[in-house]
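Take a look at the structure below.
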Amino acid sequence: DGFDSGNSTVVILAATNRPDVLDKALLRAGRIDRRVHVPYPDIRSREAILKVHSEKVPMEEDVNLGRIARGTPGFTGADLANLINEAAINASKNGASQVTIHDFEEARDKIILGKEMKTIVLTDFEREVTAYHEAGHALVTLLNPIETDPLHKVTIMPRAKALGVTWSLPERDKHTISKNEMIARIMVALGGRAAEELIFNRLESGAHSDFETATEVARAMVCSYGMSEKLGPLVYEQNQLGENTYSEATAQTIDEEMRAILDKCYKQVLSILTTNKDKLEKLAKALLDKETMYAGEIYELLGITSREEHLFH
């Protein structure tokens, strides 16, 4: 095919984030037939990457790169380099000579959640709705500590398109997830809307991204992980054009199973928040006052037994 391979060796390297859409002809034996899967770095690799990129960055003694690595699951090498850079920029803006743990936290939140939008002015009612919404997420997390990641902090300071954020940090890298954990993720996602309905008896638009999360998890349970009683352990996929590879009747059953999961979770969340309405109101009022609260403060405020916090705080 035009390569001079008589006296030389030609090696072709290629990289892609979408191996599923490659033409099979490319991958036949004798062509590009050797595959090297490059996963996201694990916790030890993330710590090593952070050490490399932070060598010339002055940091306070209490900055623990191991803890930062634990709080950045799913970060690529480029993300970690950007984390160091953003933390240094934040310290510089504050006139500090060393990077602190708070600079790293702000940098991580900026990368994941977007920049804090201090120019957005909310009405008193919007702030109140946001406070109850985030308190709903947080309370569902705290009251189901076995199946959820540890709560890290809650804020009603707007970031990017979010008016508030409830943030949890995993204790370790997870390679599998149980059905109970997936149900818990759905319940936490629905906690904001349930709190709004319970307190204000009205529906707001701020739960859109929460519904996306809940729907995505429910679809994975039904279509990918065999967690549907009606459909069983089969995988239901779409083709490269986004078209269903299954019948209309199966598509209807998938929708019914997803709705059943979401409806059951929402009823459970409403029941939890109704039973603990006093805690919900106490946390929301504290958020209106402080705007940002860390897990330790919330545990103390609500009198809930604390999980040991290892990350950032």
Side-chain angles (χ1 to χ4, degrees), residues 71 73 105-106 108-109 112-114 116 122 125-171 180-200 203-204 206-214 217 265-313:
E105 181 167 328
E106 175 60 30
R108 186 203 58 222
D109 290 355
I112 297 176
L113 306 172
E116 193 172 279
L122 302 179
F125 180 71
E126 287 173 331
R127 289 185 75 249
E128 188 176 12
V129 171
T130 301
Y132 275 98
H133 183 103
E134 299 306 328
H137 287 312
L139 197 55
V140 174
T141 300
L142 292 176
L143 295 176
N144 192 5
I146 304 301
E147 308 296 350
T148 58
D149 290 326
L151 181 69
H152 175 55
K153 74 175 181 180
V154 185
T155 180
I156 58 171
M157 291 293 293
R159 281 187 177 273
K161 296 181 180 180
L163 297 182
V165 176
T166 299
W167 188 242
S168 295
L169 291 177
E171 295 176 307
N180 287 344
E181 288 175 314
M182 299 183 86
I183 290 294
R185 286 188 181 182
I186 294 175
M187 291 176 64
V188 170
L190 298 178
R193 166 57 69 84
E196 293 176 13
E197 182 177 346
L198 177 64
I199 299 300
F200 302 101
L203 305 180
E204 301 287 337
H208 177 260
S209 62
D210 299 330
F211 293 156
E212 286 183 331
T213 298
V217 175
C265 287
Y266 192 73
K267 290 178 181 178
Q268 288 178 320
V269 171
L270 269 178
S271 175
I272 290 171
L273 295 182
T274 300
T275 303
N276 295 275
K277 188 176 179 181
D278 57 332
K279 291 183 174 64
L280 178 67
E281 293 178 335
K282 185 181 291 186
L283 178 54
K285 291 175 181 177
L287 283 170
L288 286 169
D289 180 45
K290 297 184 177 181
E291 293 190 329
T292 298
M293 297 182 68
Y294 288 90
E297 300 174 82
I298 298 174
Y299 285 128
E300 183 178 354
L301 173 71
L302 302 181
I304 296 176
T305 302
S306 173
R307 292 179 61 162
E308 184 181 0
E309 284 192 284
H310 298 287
L311 309 177
F312 282 90
H313 179 54

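Excluded from the calculations below are hydrogen atoms, water molecules and symmetry mates; all remaining heavy atoms, backbone and side chain alike, are included.
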Mind checking what makes side chain to side chain donor-acceptor pair (under 3.5 Å) contact with E128, not counting sequence neighbours? none
Using a 3.5 Å distance criterion without hydrogens, assess whether the side chain of [X] forms a donor-acceptor pair with backbone atoms of [Y].
{"X": "T148", "Y": "T141", "result": "yes"}
{"X": "R193", "Y": "G206", "result": "no"}
{"X": "E297", "Y": "Y294", "result": "yes"}

Could you give the side-chain donor-acceptor pairs of residues 281-291 under 3.5 Å, partners two or more places apart or in another chain?
none

If every non-hydrogen atom of [X] is compared with every non-hydrogen atom of [Y], which pair is closest and at what distance?
{"X": "T275", "Y": "D278", "value": "O-OD1, 4.4 Å"}
{"X": "H133", "Y": "D210", "value": "NE2-OD2, 2.9 Å"}
{"X": "L122", "Y": "P158", "value": "CD1-CG, 4.4 Å"}
{"X": "A184", "Y": "E147", "value": "CB-CB, 3.7 Å"}
{"X": "A195", "Y": "L273", "value": "N-CD1, 3.6 Å"}
{"X": "A295", "Y": "L151", "value": "CB-O, 3.1 Å"}

If I take atom [atom1] from residue [X] and atom [atom2] from residue [Y], how far apart are they, to the nearest 0.5 angstrom?
{"X": "L142", "Y": "H137", "atom1": "CG", "atom2": "NE2", "value": "13.0 Å"}
{"X": "C265", "Y": "M182", "atom1": "SG", "atom2": "CE", "value": "11.0 Å"}
{"X": "W167", "Y": "R108", "atom1": "CH2", "atom2": "CZ", "value": "6.5 Å"}
{"X": "E197", "Y": "T274", "atom1": "CD", "atom2": "OG1", "value": "9.0 Å"}
{"X": "L270", "Y": "L198", "atom1": "CG", "atom2": "CG", "value": "6.5 Å"}
{"X": "M293", "Y": "L301", "atom1": "CE", "atom2": "CG", "value": "5.0 Å"}

Which residue pairs satisfy the salt bridge (Lys or Arg N to Asp or Glu O under 4.0 Å) criterion with at least one member in residues 133-146, sequence neighbours excluded? none
Do the side chains of V188 and N144 get nearer than 4.5 Å, heavy atoms only? no
Can you name the one residue among D109, T166, T292 that meets side chain to side chain donor-acceptor pair (under 3.5 Å) with K153? D109
Any residue meeting ring-ring contact (aromatic ring centres under 6.0 Å, His included) with F200, in chain and number order, not counting sequence neighbours: F125, Y132
Residues in side-chain contact (heavy atoms from CB on, under 4.5 Å) contact with I272, at least two apart in sequence or another chain: L143, M187, N276
If the condition is salt bridge (charged side-chain N to carboxylate O under 4.0 Å, His left out), which residues does E106 pass it with, not counting sequence neighbours? R159
